[in-house]
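Everything on this sheet refers to the single structure shown next.
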Amino acid sequence: MTAVKIGLQVLLVLTGLFLTLLILMHKGKGGGLSDMFGGGMSSAMGGSSVAERNLDRFTVAVGIVWFTCVVGLGLIERFSPS
């Protein structure tokens, strides 16, 4: 059980860092903090819509893995005999 817990913790940290990177790669939609820090100027120079959709899908997939790790660690802590 300890190996599973350590594996989930490592996966949680890695997916959390990668999820942060993926979220920062998204193009700003305007009107929020992205405009305050200059994100509105780069809205004319965007990538293709296919790349943006793939980035969205990849971000959701990594988010699901992250959420599964959180739930798994919670279940291990709840039902571990100690």
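Residues satisfying the side chain to side chain contact (heavy atoms under 4.5 Å, CB included) test with R78, not counting sequence neighbours, are none. Considering only residues two or more places apart in sequence or on other chains, V71 meets the side chain to side chain contact (heavy atoms under 4.5 Å, CB included) condition with F67, L75.
The salt bridge (charged side-chain N to carboxylate O under 4.0 Å, His left out) pairs that include a residue from residues 5-22 are K5-E77, where partners are two or more places apart or lie in different chains. For residues 66-76, no residue pair satisfies the salt bridge (charged side-chain N to carboxylate O under 4.0 Å, His left out) rule, not counting sequence neighbours. Residue pairs meeting the salt bridge (charged side-chain N to carboxylate O under 4.0 Å, His left out) criterion with at least one member in residues 7-16, sequence neighbours excluded, do not occur.
Atom-to-atom distance recorded for C69:SG and I64:CD1 is 12.0 Å, nearest 0.5 angstrom.
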Donor-acceptor list for residues 7-24 side chains, cut-off 3.5 Å, not counting sequence neighbours:
unit_1 : atom_1 : unit_2 : atom_2 : d
T15    : OG1    : L11    : O      : 2.7
T15    : OG1    : L12    : O      : 3.2
T20    : OG1    : G16    : O      : 2.9

Checklist entry - Can you check side chain to side chain contact (heavy atoms under 4.5 Å, CB included) on M25 and T59, steps first, answer last? => result CA-CA 10 Å; M25 287 174 59; T59 304; over 6 Å; no

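Under the 4.5 Å side-chain contact rule for hydrophobic residues, W66 and I76 share a cluster.
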